[in-house]
Amino acid sequence: MIEDAKAGKFDLIVTREVCRFARNTVDTLVATRELKNLGVEVYFVEDNIWTMDGDGELRLTIMATLAQEESRKVSERVKAGQHISRNNGVIYGSGNILG
């Protein structure tokens, strides 16, 4: 995406929501700042955030932080479920595990 932006292939990225763009606040801000410096705006539809707006980065920071925390909580719940399944002798997943 960044390489295509540097090549001038587009000037707008439309993303459904912040958590679909990146799962980490720092990664989100670094990528959107780099894109902004390249003249590429990012629009987050569900959150109605335009990165070129005056308050866009502040709102993006808040939403990215919430997305990161939600990702962390989901990860904890999945790991807890896997642990419980192992303790109960149940294979986690469909049983068709590869790798």
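Just so it is clear, the structure is predicted and the values come from calculations on it, not from any experiment.
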For L35 and M1: C-alpha separation, side-chain torsions, deciding distance, then whether side chain to side chain contact (heavy atoms under 4.5 Å, CB included) applies. CA-CA 9 Å; L35 289 165; M1 173 181 67; 4.2 Å; yes
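Here the CG atom belonging to L60 is positioned 11.5 Å from the CG atom belonging to D53, to the nearest 0.5 angstrom. Rounding to the nearest 0.5 Å places OG1 of T25 at 9.5 Å from CD of E69.
Nearest heavy atoms, T51 versus K36: O-NZ, 3.7 Å. Minimum interatomic distance between M63 and D47 (heavy atoms only, all atoms of both residues): CE-OD1, 3.1 Å. Nearest approach of I2 to A31, heavy atoms of both residues: CD1-O, 4.4 Å.
Remark: the backbone N or O of G81 is paired with a side-chain donor or acceptor of S85 at under 3.5 angstrom. Formation of a donor-acceptor pair under 3.5 Å by the T65 side chain with backbone atoms of T61 is found in this model.
A salt bridge links R72 with E76: the closest approach of a Lys/Arg side-chain nitrogen to an acidic carboxylate oxygen falls below 4.0 angstrom.
Under the rule for a side chain to side chain donor-acceptor pair (under 3.5 Å), R86 has no partner lying at least two apart in sequence or in another chain.
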Which side-chain N or O atoms in residues 4-20 pair as donor and acceptor under 3.5 Å with protein atoms at least two apart or in another chain?
{"unit_1": "D4", "atom_1": "OD1", "unit_2": "K9", "atom_2": "NZ", "d": "3.3"}

Please tabulate, for the side chains in residues 39-46, all donor-acceptor contacts under 3.5 angstrom to protein atoms that are two or more places apart in sequence or on a different chain.
{"unit_1": "E41", "atom_1": "OE2", "unit_2": "M52", "atom_2": "N", "d": "3.2"}

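Between V74 and E70 the shortest side-chain heavy-atom distance falls below 4.5 Å.
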